[in-house]
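Okay, structure first, notes after.
The structure presented is a predicted model; accordingly, all values stated were derived computationally and were not measured. Numbering of residues begins at 1 and proceeds along the displayed sequence.
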Amino acid sequence: MGSAPSTPRRGEAFSPETAEYLIGTFIGDKSFPLSSEFWQKLLELPIHVQWPSDRVQEACELLAKNNGQTRHLAKILFHMACCLQESMSISGVPPFVYEKAVNAAYISSVFLKHLIESFRGEYVELHLSLDDNETIPMDVLGDQTIENFVMRNVLNFIASVDVSANTYVLHLELLNFMIIAMSTQLLCGPSPGPHDVNPFLDAAMAQDSSLVCSVVRRLLLNFITRSGAPFNRASYSVFYEGSQSSVLQRVGSAAANIVLLPFSYLVSSRGDGSRNPLADSSLHVLLVLIHHHKCVVSEDYSATENNKENQYFSDNPYCKALEHAVDCELDRVDVEGNAHSGQLVKLPFASLFDTLGICLADEAAVLLLYSLLQGNSAFLEYVLVRTDMDTLLMPILEALYNAPRRTANQIYMLLIILLILSQDSSFNASIHKLILTGVPWYKERLLHQTSLGSLLVIILIRTVQYNLSKLRDVYLHTTCLATLANMAPHVHRLSAYASQRLVSLFDMLSRKYNKLADRRDNKLHNEKGNLIEGNSLIEDMSTELHIYTDFLRLVLEIINAILTYALPRNPEVVYAIMHRQEVFQPFKNHPRFSELLENIYTVLDFFNSRMDAQRVSGDWSVKEVLQVIIVNCRSWRGDGMKMFTQLRFTYEQESHPEEFFIPYVWQLVLSRWGLTFNPAAINLFPIDLPTDCVENGVVGSTLRNGDFDKPEYQLDP
């Protein structure tokens, strides 16, 4: 045991027979101890060695069969961690050290992924422990588990070693490894439970706070700096030899659906600023880490008890590190003036803000922005004082404008971001001061010299209209109208088009309301003789009618807030109401709307009387009417107006949002990153099982753009 065929010295050619033997030995039934020379020879395989996809699949199946006996997966993971330790412990690291680490990470990823996605049973068994009689070289493991030892060194390398020409591929390979290692979460149900088995994720959560903070900082810096793959031939010859395939290319068509990015992707992405392998992978790893929730059973109860009241979620250190991140340009001082104690993630908020603005077409970047705004008060404060708010808002509004091409979950995230921002009165005021010279992506109308605030009103109303015709989602309606309600008292010089759309929104909702009311009344009349069969339908219609009643009242409250607190600054709103005043008439005596309509009619009476006093022969032009309104806005004092409490809606994330966010994060990872995973093994969220997408016995996942349960939150007026 421990013997292996002689291998060439570094720089000499490896024969295919040698490579075949080394891989065959790794997956075979003969166990090699950690101290065997075999491991070093395996990790020195040249990275241009290739295997056909059917052999990769066969190798994965053989290792799965023998791993319980040989523990070779645990051993190669151990050697990967040792290679990383070596690369961090010496200065002037020779390239072959990184090369061995890349090979170790690559081989580990290939076989680990197969074991995870091929698992059948109640618990994931990866056989990560070593035999008791195994001799640990230099006792480097101590009392750590293999998974803890591996994750500590992987995270240490990512956090402490700068990305350079020599380390770029190793950084990328380790991020890929982390995604694979954490993919055990895909096997769990949508609601985290105490029996979920996520050994590598749990090991990541167990690291000390200083390492956690360093990892969060490095992942975000990777996302911000967006370092490109190094293509200097002299420094990159290890990974690229002309027409030869690289280590990353070996997995491009592997039947085992290996997750690693093909090297051709790195080459083709050089001119595409929107895609960056290292930045994308860093963001995906960060999102998985910050949204993980480990379910724990209280000590007073046994783990077999399935009562949720006895369960709680342990703190997530990565989430807390992100929530307490501060701007590296500022010294963090608390309200008493004392320096903030403890380990903090220090980031360049300005660069993070600008990068997010560039990348918001990517749904994962939208989720990062949400996570920062919702959890990190320092970043939210920074965003709110920026004078170039269009950097963030324009890509958000463009994405909402193209709602039919977005997933419903992305639309929800974008709307919640707008709701969070609208909770601040300075934001609501500043967006009307920023004038846009044009909006090229808005096709229905030429928007020239429109304020950012007016565009936001237009897009929110357009989103409501889209939802009415397509999604019919109450949650989406409520979020849009809540944001408009927060903005209403601060509206300043709302554009003519935005004002028209606001009144048209009331008209559209009123027509929906009237149609529903007529259908319900007709149903009541027709079902008088058979109330039992019609009761259920009538009850559903009454519920929907009540929802539309609430929507109509909320739109009236929005219009009221503008007229009550901002009328002199918004003549176009007055003009739009006067121009379509007939739409309000049918609801004048409605018990839910009458008090709100009294204010609208007070405004109409005031301006109609001013118009009558200046009546001239012939028809009024739009310009003439608007001029009369502008003149009389100056003398408007609000006499006779009833003062209603200003509506203020706030976003509150539920105490346990994991049932939405954990599946959502993994859906993004699978769909955006190119990761394929056996769909039959996924329990975390529903997917469509393909019927004809089978290659060499392994099924690739076809993700459905389905929606999960929506992230619950409270709207508190």
Side-chain angles (χ1 to χ4, degrees), residues 1-8 13-83 99-121 124-137 141 146-147 149-150 177 180-181 199 247 250-251 253-260 678 696-698:
M1 182 178 289
S3 63
S6 61
T7 53
F14 261 75
S15 69
E17 292 75 18
T18 301
E20 185 89 10
Y21 174 86
L22 290 172
I23 297 293
T25 302
F26 174 69
I27 63 178
D29 58 2
K30 184 178 180 181
S31 178
F32 280 72
L34 285 171
S35 56
S36 170
E37 291 183 5
F38 160 75
W39 297 104
Q40 295 306 312
K41 293 171 181 178
L42 176 65
L43 299 186
E44 289 173 2
L45 271 175
I47 52 186
H48 62 264
V49 172
Q50 301 178 73
W51 265 21
S53 58
D54 58 330
R55 297 300 306 281
V56 175
Q57 176 67 19
E58 182 185 353
C60 288
E61 292 171 354
L62 278 172
L63 181 81
K65 176 183 176 182
N66 296 320
N67 184 53
Q69 172 188 338
T70 64
R71 305 299 169 108
H72 277 184
L73 177 64
K75 292 173 185 177
I76 196 169
L77 288 171
F78 175 87
H79 280 285
M80 178 181 79
C82 290
C83 287
E99 184 180 337
K100 284 167 54 180
V102 167
N103 266 350
Y106 165 72
I107 296 171
S108 301
S109 297
V110 169
F111 293 100
L112 177 60
K113 179 174 181 291
H114 177 83
L115 288 173
I116 292 172
E117 69 177 346
S118 302
F119 179 76
R120 299 289 183 272
V124 180
E125 183 53 76
L126 300 175
H127 300 291
L128 295 176
S129 60
L130 298 172
D131 292 334
D132 293 337
N133 59 357
E134 186 73 53
T135 302
I136 310 294
L141 194 59
I146 287 290
E147 56 266 34
F149 180 57
V150 168
F177 168 80
I180 292 171
V247 63
R250 286 183 293 175
V251 303
S253 60
N257 286 324
I258 307 307
V259 67
L260 309 181
N678 179 9
N696 296 319
V698 176

Verdict with supporting geometry, L77 and M80, side-chain contact (heavy atoms from CB on, under 4.5 Å): CA-CA 5 Å; L77 288 171; M80 178 181 79; 4.2 Å; yes
Steps toward side-chain contact (heavy atoms from CB on, under 4.5 Å) verdict (L34, L130): CA-CA 10 Å; L34 285 171; L130 298 172; 3.7 Å; yes
From CA spacing to verdict: side-chain contact (heavy atoms from CB on, under 4.5 Å), V110, C60: CA-CA 8 Å; V110 169; C60 288; 3.9 Å; yes
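Between Q57 atom CD and L62 atom CG the span is 10.5 Å, to the nearest 0.5 Å. Once rounded to the nearest 0.5 Å, the distance linking CG of L45 with CD of E99 reads 9.5 Å. In this structure, CD1 on I116 lies 5.5 Å from CG on L126, to the nearest 0.5 angstrom. For the atom pair E58 CD and I27 CD1, the distance stands at 7.0 Å (nearest 0.5 Å). The structure places OG1 of T25 at 10.0 Å from CD of E20, a figure rounded to the nearest 0.5 Å. Here the CD1 atom belonging to I76 is positioned 8.5 Å from the CG atom belonging to N103, to the nearest 0.5 angstrom.
Not a single donor-acceptor pair under 3.5 Å links the side chain of T70 to the backbone N or O of S31. Side chain of K41 to main chain of L22: no donor-acceptor pair is present (N/O by atom type, distance under 3.5 Å, no hydrogens or angles). Between the side chain of H79 and the main chain of Q40, no donor-acceptor pair closer than 3.5 Å is present. A donor-acceptor contact shorter than 3.5 Å links the side chain of H72 to the backbone of F26. Looking only at distances, no side-chain donor or acceptor of D29 sits under 3.5 Å from a matching main-chain atom of N66.
In this structure, L112 and A181 approach most closely via the heavy-atom pair CD2-CA, 3.9 Å. When all heavy atoms are compared, the tightest approach of S108 to L73 is O-CD1, 4.3 Å. Across all their heavy atoms, A64 and H114 have their closest contact at CB-CD2, 4.3 Å. Summarising the geometry of W39 relative to P33, their closest heavy-atom pair is NE1-O, 2.8 Å, with the distance given to 0.1 Å. Contact detail for A81 and F149: the closest heavy-atom pair is CB-CE2, 3.4 Å.
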